[in-house]
Participant: 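Could you have a look at this structure, given as structure tokens, before my questions?
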There are 2 protein chains.
Amino acid sequence: MSRLDASLLADLPPFSGMSRDALDDMLARAVSFRSAKDAYVFREGEEAHSFFLLLDGYVRVVKVTPDGEQVIVRYIATGELLGIAKAIGRDSYPANAVAAVDCVLLAWPSNAWDAIVAAHPGFATNTYSMVGSRLVGTQDRVVELATERVEQRVANAILSLARETGRKTDEGILIDFPISRQDISEMTGTTLHTVSRLLSSWDSKGWIKGGRQKITLVEGHRLMMVASARD
Amino acid sequence: MSRLDASLLADLPPFSGMSRDALDDMLARAVSFRSAKDAYVFREGEEAHSFFLLLDGYVRVVKVTPDGEQVIVRYIATGELLGIAKAIGRDSYPANAVAAVDCVLLAWPSNAWDAIVAAHPGFATNTYSMVGSRLVGTQDRVVELATERVEQRVANAILSLARETGRKTDEGILIDFPISRQDISEMTGTTLHTVSRLLSSWDSKGWIKGGRQKITLVEGHRLMMVASARD
DNA sequence: TCTCCAGTTTGCGACAATGCAAAGATCCGG
DNA sequence: CCGGATCTTTGCATTGTCGCAAACTGGAGA
């Protein structure tokens with residue numbers, strides 16, 4: 001049996017506003033498990049048997065095109081839900097989820113979704129508004145891809161990663177998980193070569209500090225200038 | 001008072017599975033109105049006082065970038081919901097909605113959302129799964145913008161428009177509302193010049209038939225070839 | 001410690017798509 | 001039925017980004 005306490009969940013956005021009893025009930029229905037770095041949490045097209053909460057780590061949500069190109073749809077950070085197919089009326093996962101580092105997750109069986117929603121309307125509301133934020137965020141991404149140049153998109157990607165997953169170090173804000181030039185290119189719709197050129201140029205200017213699967217944001221305002229440059 | 005009959009709604013996806021009484025109740029809470037071509041149904045950032053059902057016509061959902069560029073986020077067809085900010089936990093509209101032709105709509109006050117959801121769980125479920133489909137669709141759009149070339153994206157855009165809003169004519173499948181080269185470019189993240197070049201090239205091959213604010217798909221399979229071309 | 005491999009950098013040529021400019025076509029209102 | 005506004009087409013020069021190739025580098029495992 002999992003030795004997990006409701007206090008683990010209490011501060012997470014999906015459970016905000018829920019009573020201690022409600023959290024206990026949610027926990028009682030869940031099982032926890034680990035996922036090693038690079039392991040799949042679920043795969044696109046697979047029947048959505050469960051939905052998940054990421055208790056620790058980072059997960060990449062990835063789509064693969066017919067000719068094998070990968071696109072990173074989003075990163076899931078600690079405390080977020082993933083794989084909630086039932087909440088959006090689907091019975092298979094629409095993308096792949098891969099652990100970006102060793103992760104700890106909680107899983108609920110999808111067929112418990114209706115009962116959980118009925119028992120915990122607050123959780124349902126939180127979930128639906130999270131889906132809404134993701135929709136709005138994804139739409140913003142469409143606007144970005146449609147109107148901005150590669151340079152701006154890469155700057156934006158790094159700024160968001162730093163904002164959402166950044167850890168303060170004495171050099172600057174370090175992105176908290178291993179991330180390659182290739183990963184950045186798959187987030188921004190470009191090639192690892194172009195990303196590498198941009199990052200090494202910014203590195204030489206001292207705006208960021210790069211490394212193997214590592215990026216530290218040193219002068220965020222510089223990248224913000226790049227991201228919003230008129231031309 | 002609006003003289004609307006519940007049978008108007010019965011066949012529309014948002015209301016599927018609902019009883020006649022439920023539909024009557026929904027209708028009783030709504031008011032209908034018209035929106036002239038090019039008029040705004042709502043604007044980005046505006047407080048979301050209402051949510052809407054499009055009873056007749058087509059609506060363009062548009063975002064505007066800081067430097068004035070427009071991006072068409074989606075087209076809403078007859079029978080679809082729009083402006084459902086409350087369903088996604090927002091209290092302002094995240095984009096502009098503009099009538100693409102003269103439209104007829106139904107409006108419900110947003111503050112009735114909770115009561116409606118409580119009274120009609122089927123409607124709630126339908127709405128949430130529609131939000132989910134839109135999320136999945138928007139994610140697919142991100143993948144497309146990130147990986148495909150302009151030519152393929154334009155071909156795809158025309159194919160989807162024809163599929164979703166096409167009207168059969170003796171020449172082929174006509175897109176049912178006025179749509180300019182500029183509109184297509186705002187859907188696909190390119191320029192009206194490039195769209196014009198592509199369309200006139202396809203026109204000269206007999207694959208489509210263009211006109212002022214008019215596109216007829218003649219040989220859909222040709223565009224499908226273009227859309228999925230390996231290179 | 002050495003070796004190998006995955007990840008990164010960089011140069012260079014190629015080209016898809018843009019930006020600019022100007023002419024043509026079509027429709028609507030007066 | 002005319003005139004102007006809007007939409008479309010097309011040529012040409014420019015360029016941002018890619019594709020390919022090759023060298024480099026840091027770190028994990030033997």
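Just so we're on the same page: letters track the sequence lines, and every chain starts at 1. Bear in mind the structure is a predicted one, so any value in this text is a computation, not a measurement.
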Participant: Starting at CD of A:Q152 and ending at P of D:dG16, how long is that distance when rounded to a whole Å?
Facilitator: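 Checked: the CD to P distance equals 12 Å.
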Participant: Rounded to whole Å, how long is the line connecting atom NZ of B:K214 with atom P of C:dC27?
Facilitator: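 Between P of C:dC27 and NZ of B:K214: 8 Å.
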Participant: For A:V195 and B:S201, find the nucleotide of DNA chain D closest to each by heavy atoms; which residue's nucleotide sits nearer the 5' end?
Facilitator: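 Residue closer to the 5' terminus by nearest nucleotide: B:S201.
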Participant: Check for a donor-acceptor pair, side chain of A:S92 on one end and backbone N or O of A:E47 on the other, with a separation under 3.5 Å.
Facilitator: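 Not at all, since once roles are kept as given, no pair shorter than 3.5 Å links the two residues.
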Participant: Is there a side-chain polar atom (N or O) of B:T194 under 4.0 Å from OP1 or OP2 of C:dA17?
Facilitator: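 For C:dA17, neither OP1 nor OP2 has a side-chain N or O of B:T194 closer than 4.0 Å.
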Participant: Whole Å only: how far is the CG atom of A:D183 from the P atom of C:dA6?
Facilitator: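 In whole Å, C:dA6 P and A:D183 CG are 15 Å from each other.
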Participant: Separation of B:I215 atom CD1 from D:dT8 atom C1', in whole Å?
Facilitator: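 Checked: the CD1 to C1' distance equals 12 Å.
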Participant: With no hydrogens and no angle check, is any side-chain donor or acceptor of A:S129 less than 3.5 Å from a backbone partner on A:N126?
Facilitator: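 The answer is yes, because a donor-acceptor pair under 3.5 Å joins these two groups.
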Participant: Between atom CG in A:L145 and atom C1' in D:dT17, what is the gap in whole Å?
Facilitator: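 Atom-to-atom, A:L145 to D:dT17, this comes out as 15 Å.
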Participant: Within the structure, does a side-chain N or O atom of B:S200 lie under 4.0 Å from either OP1 or OP2 of D:dT8?
Facilitator: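 So the side chain of B:S200 is outside the cut-off, no N or O lying under 4.0 Å from OP1 or OP2 of D:dT8.
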Participant: Using a heavy-atom cut-off of under 4.0 Å over every strand shown, decide if A:S196 touches base, sugar-phosphate, or nothing.
Facilitator: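 Result for A:S196 = base.
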Participant: Taking 4.0 angstrom as the limit, do A:R134 and A:E80 come out as a salt bridge?
Facilitator: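 Salt bridge flag = yes for A:E80 with A:R134.
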Participant: Counting distance alone, no hydrogens or angles: does the base of D:dT10 have a donor or acceptor under 3.5 Å from a partner atom on the side chain of B:H193?
Facilitator: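 Checked by distance alone, the answer is yes.
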Participant: Take B:Q213 and A:R212, find for each the nucleotide of DNA chain D with the closest heavy atom, and name the residue whose nucleotide sits nearer the 5' end.
Facilitator: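 First, find each residue's nearest nucleotide; the 5'-ward one identifies B:Q213.
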Participant: Under 4.0 Å between a side-chain N/O of B:R181 and OP1 or OP2 of D:dT8, yes or no?
Facilitator: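 Yes, B:R181 has a side-chain N/O under 4.0 Å of OP1/OP2 on D:dT8.
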Participant: Do the side chain of B:E151 and the main chain of B:L198 share a donor and acceptor less than 3.5 angstrom apart?
Facilitator: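 Checking the backbone N and O of B:L198 against the side chain of B:E151, no donor-acceptor pair under 3.5 Å is found.
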Participant: Is a donor-acceptor pair below 3.5 Å formed from side chain A:R197 to base D:dG16, judging by atom type as modelled?
Facilitator: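 Answer is no: no donor-acceptor pair is held.
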Participant: Given the structure, check if the side chain of A:R153 and the base of D:dG16 hold any donor-acceptor pair shorter than 3.5 Å.
Facilitator: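 For A:R153, whose side chain was compared with the base of D:dG16, there is no donor-acceptor pair (under 3.5 Å).
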